Protein chains: 2
Amino acid sequence: MAEHDIPRATAKRLPIYYRYLKLLLDAGTTRVSSNELSDAVKFDAATIRRDFSYFGALGKRGYGYDVKALMTFFGEILNQDTLASVALVGVGNLGQALLNFNFHQSSNARISAAFDINEDIVNTIQAGVPVYSLDDLEKQISDQRIDVAILTVPAPVAQDLANRLAKAGVHGILNFTPLRLDVPSDVRVQNVDLTNELQTLLYFINNFGGAEA
Amino acid sequence: MAEHDIPRATAKRLPIYYRYLKLLLDAGTTRVSSNELSDAVKFDAATIRRDFSYFGALGKRGYGYDVKALMTFFGEILNQDTLASVALVGVGNLGQALLNFNFHQSSNARISAAFDINEDIVNTIQAGVPVYSLDDLEKQISDQRIDVAILTVPAPVAQDLANRLAKAGVHGILNFTPLRLDVPSDVRVQNVDLTNELQTLLYFINNFGGAEA
DNA sequence: GCCCTTATGTGAACTAAATAACAATTGTTT
DNA sequence: AAACAATTGTTATTTAGTTCACATAAGGGC
């Protein structure tokens, strides 16, 4: 596994590159330079070239990168050929919105099961996704070989559910809860803290000028 | 403005500290150490101490930090006394969810106006927030002295709306669009890219083990 | 009031990431 | 086929952030 020495920061940018390359390809563009990419995704051109170089020499000097080849390459790295099944835990406002969000359209993931305690929606289909009782969490996760969960539950029950998810064999949690979860070391947590994003933005605005945060 | 030399990374953690301190205070805790905080928020204790030290000597050696004093202090830094008015641009699935999200409860921000083109909801109240036509964007932003916008519109119109928002005097945009926006240098953009978060999580899971991303 | 324990605040070391700068190489034009 | 223009890949540099490690100071017990 040669990808082991790819910097975290680079890994986080890969999906962004991939998405933009797809756009270019759809628009019929065949070649692109690091400078053009830089304009679009707002990372320094040198950063982009370095990111790419971790995977070998993907471009041609004096020419740039071949859009299709590059996209195919990143597609493989991002496992675009295999569809990941994702569980949505907590079908409240945000959960509902994420069900409708349709990750599938723009990524290799699909929400294939949702869980809640609300009897009104348990055993219904929401936005094409079956909603199960939380009691069935472990069974469904295992049956459907789900290894990523999106956690959109109230804070007080978040840690408990994280424990159950981890025990059930989930390897990643996209955590919309304000809580910083405790998980075993083989589970990866990605925090999406909306209040924090907004607060941080406000802080920067109040204390400094503009520019990217 | 002494805060000018506070690292970006520190600034991003401030709201997290603040929230956790509030929790502690509500629970009646009067003192806390960097180690206890570390357990809760999952940043290294040394990082926490250094973060705090940018604002002076807030703790007592051998004792720790006074929860109430610390919270008050951070509250001021985060401008918790002034309520920021926020506009929500785009009342789709995600927009609706954010309207119900109630930032107000846990932060100093409140969505005070929403905008959409959908005639069915224009001039209605959604989750307590008036929905205006996009035609009124400039006027309302100016009248209500809104300086932050949450952008939850389809990608194709995102840049155009960002332009209008910037021109209307907004200083910050919380961008839920996959597009990397072009804005004047006095406007700050905070990107929340849900697809990217999920994709990144998947990449890490597929290529390495667990731990924080 | 003295000793011991605890936990801060910070200088120094380390690690990660971004940027600059340019030689090397390719395509294109004449 | 030679000269030119463009753009990569990478070495070196700079910047940012994290962590270590410990002297310093405060509180609490005896």
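Every value quoted in this text rests on a predicted model; they were computed, and no experiment measured them.
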For dT19(D), does OP1 or OP2 lie under 4.0 Å from any side-chain N or O of Thr47(B)?
yes
Closest to the Ala9(B) side chain: dC20(D), dG17(D), dG9(C)?
dG17(D)
Remember a base hit wins even if backbone is also touched, and classify Tyr65(A) as base, sugar-phosphate or nothing at under 4.0 Å, heavy atoms.
sugar-phosphate
Regarding the side chain of Arg61(A), the nearest nucleotide among dT26(C), dT8(C), dA21(C) is dT26(C)
By nearest nucleotide on DNA chain D, pick out whichever of Arg50(A) and Tyr63(A) is the more 5' one.
Tyr63(A)
Quick check: do Phe115(A) and Leu165(A) have side-chain heavy atoms less than 4.5 Å from each other?
no
Any idea which of dG17(D), dC20(D), dT19(C) is nearest the Asp44(B) side chain?
dC20(D)
How many whole angstroms separate atom CG of Asp51(B) from atom P of dT10(C)?
13 Å
Considering only dT7(D), dA21(D), dT19(D), which nucleotide approaches the side chain of Arg31(A) most closely?
dT7(D)
Using the closest heavy atom to pick a nucleotide of DNA chain C for each, name whichever of Ala46(B) or Glu36(B) lands nearer the 5' end.
Glu36(B)
Nearest-Å distance, CZ (Arg49(B)) to C1' (dT6(C))?
12 Å
When rounded to whole Å, the CD1 to P distance for the pair Ile6(B) and dT18(D) reads 14 Å
Whole-Å distance, Phe43(B) CZ to dG17(D) P, equals 13 Å
Output the rounded distance in Å from CG (Leu70(A)) to P (dT8(D)).
11 Å
Strictly below 4.0 Å: does Ser34(A) bring a side-chain N or O up to OP1 or OP2 of dT7(D)?
no
Take atom CD1 of Ile48(B) and atom C1' of dT10(C), then tell me their distance rounded to the nearest Å.
16 Å
Using modelled atom types and a 3.5 Å cut-off, is there a donor and acceptor pairing between side-chain atoms of Ser142(B) and backbone atoms of Glu138(B)?
no
Which nucleotide, dA20(C), dG27(C), dT10(C), lies nearest any side-chain atom of Lys60(A)?
dG27(C)
Taking C-beta and beyond as the side chain, do Ile6(B) and Tyr203(A) meet within less than 4.5 Å on heavy atoms?
yes
Does a side-chain N or O from Arg13(B) land closer than 4.0 Å to OP1 or OP2 of dT18(D), or not?
yes
Closer than 4.0 angstrom, basic N to acidic O: yes or no for Asp66(A) and Lys60(A)?
no
Just N and O in the side chain of Arg8(B): are any of them under 4.0 Å from OP1 or OP2 of dA18(C)?
no
Separation of dT10(C) C1' from Phe55(B) CZ (nearest whole Å)
16 Å
Any side-chain donor-acceptor pair under 3.5 Å between Gln144(A) and Ser112(A)?
yes
For atom CZ of Phe52(A) and atom P of dT8(D), their distance in whole Å
9 Å
